[in-house]
Every structure is written in C-alpha cells, then in structure tokens.
Amino acid sequence: MTEKELLAKLLADNENCLKCGLGRGRKKLVFGEGNPRSRIFLLGEAPGAKEDETGRPFVGRAGELLTELLALAGIDRQDVYITGSCKCRPPKNRNPYRKELAACRPLLERQIEIIKPRVVVCMGLVAVHNLLDRRARLADVRGRWFDGPSYKIYPTYHPAAVLRGTVKAHVMVTDFRRVAEAVQARLVD
Ligand code: URA
C-alpha cells in the first residue's frame, strides 16, 4: 500500500475513536493533512473550533498565519505534513491533559512511521512536552536539533504565540527556513 493508502486506512480505523473523553465532544477528528511522503512533519497542539468543524488542522487564524510563515520561509504548505499532538478539540480550547495526549500517542506514532519524516517540528510547548521532554522549557530548546528515534526533532513556537504578540513572526520564519535548508542539504538524513 502507498503512504496515502496507509494513512487513509489509519484514519478510517480511528475516526470514531473514544479512547479518551474528548471523543464524545468532538464534531470531527482532526487527523492531519499534507504530503504523505514529506520529509518535514509539523506537529501542533490540539484542534480549535474551526478545525473541529472542518476536520482539517490549522485552518483557523493560527493556521492561516502558519501558511503565511511557511511561505515566507519558501515552504508550500501542501509539501509538508501537518497534524496535532491531540486529534480532538479540548473543551474551551484548554490544553490537552496528559492522559488525552497519551491516548492519542499511538496514532501519532503510526503517522510518523508511515510518513518517515526526517524532521518533526514541534510547534509550541504541548508538542515539545509530548514528543521531546515533559519537563522542557521552550526557551531552552527552541531552535536546537534533538535526536528522535528515527528522525530529528526541532522545537519552535506555535503560530498562536505570534498572534498573541509574544513572539515575532521572523523568528518562526527563520526556524522554518533552517529546517527546509537542513532537509535539502540532507543534514538531517
Ligand atoms: N494542533 C494545533 O495546534 N492546531 C490545529 O489546528 C491542529 C492541531
């Protein structure tokens, strides 16, 4: 089966997931989208209202900004794979609980196994805690390379931080450019 077919089957097997309480409140499970053979895998937090309605990741304001920041870094959104640490919307957009992230973890790991990215870009602290280190502080790890099991991990901010004004857009653009350059130069193969 192709990566696309494997992902479609994974979605079909999980779209009615009730492994944690978030399943009961969701409209749609937000599985992820993008190039199923991408070397770059963008990992966010959890869906918001618009994502929950459409079933697509990063389609709200933070998502529109993400698309722009990627473009400024020379990356077409369609060329990367984008998903969240948690596939269902937490009530009132609270951060997902650890047990909810844990319930979603096998699905994320299977996505990574199918896509085989060179780099997983962890956008924001939820993604960093989920994939890299539960105790990390974003200021300490952002912009550095870490070894994952079969890929590199590159922490950066979540685009919502740019919307809030706590992070400058150019910092994220620089991070995305570094990731694209590293992948093109096969530095992280
Ligand atoms: N994670 C996010 O941070 N946002 C989304 O839209 C989906 C997953």
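In this text the structure is predicted, and so the values were computed from the model without any measurement. When a ligand or atom number is given, it counts from 1 through the structure's own listing order. Side-chain atoms are counted along with the backbone in the values below, which use heavy atoms only and exclude waters and symmetry mates.
The closest protein non-hydrogen atom to atom 8 (C) of ligand 1 is G84 CA, 3.4 Å. Protein heavy atom closest to atom 6 (O) of ligand 1, with residue, atom name and distance, is F58 N, 2.7 Å.
Near H158, meaning under 4.0 Å from any of its heavy atoms, are these atoms of ligand 1: 2 (C), 3 (O). Using a 4.0 Å cut-off to heavy atoms of G44, the atoms of ligand 1 that qualify are 1 (N), 3 (O).
Here's the thing with E45: one of its N/O atoms is less than 3.5 angstrom from an N/O atom of ligand 1. Between A46 and ligand 1, an N or O atom pair is found at a separation short of 3.5 Å. Considering backbone and side-chain N/O atoms, R56 never comes within less than 3.5 Å of an N/O atom of ligand 1. In terms of polar-atom proximity, E51 is counted as a contact of ligand 1, with an N or O under 3.5 Å from an N or O of the ligand.
Under a cut-off of 6.0 angstrom, the local environment of CZ in R94 is crowded, with over 12 non-hydrogen atoms contributed by other residues, nucleotides or ligands.
R178 and Y154 form a side-chain donor-acceptor contact under 3.5 Å, judged by distance and modelled atom types alone. Using modelled atom types and a 3.5 Å distance limit, the side chains of R77 and T67 yield a donor-acceptor pair.
A salt bridge links R105 with E109: the closest approach of a Lys/Arg side-chain nitrogen to an acidic carboxylate oxygen falls below 4.0 angstrom. Salt bridge annotation for E113-R110: present, with a cationic side-chain nitrogen under 4.0 angstrom from a carboxylate oxygen.
Not one N or O on the side chain of S85 forms a donor-acceptor pair closer than 3.5 Å with the backbone of N130.
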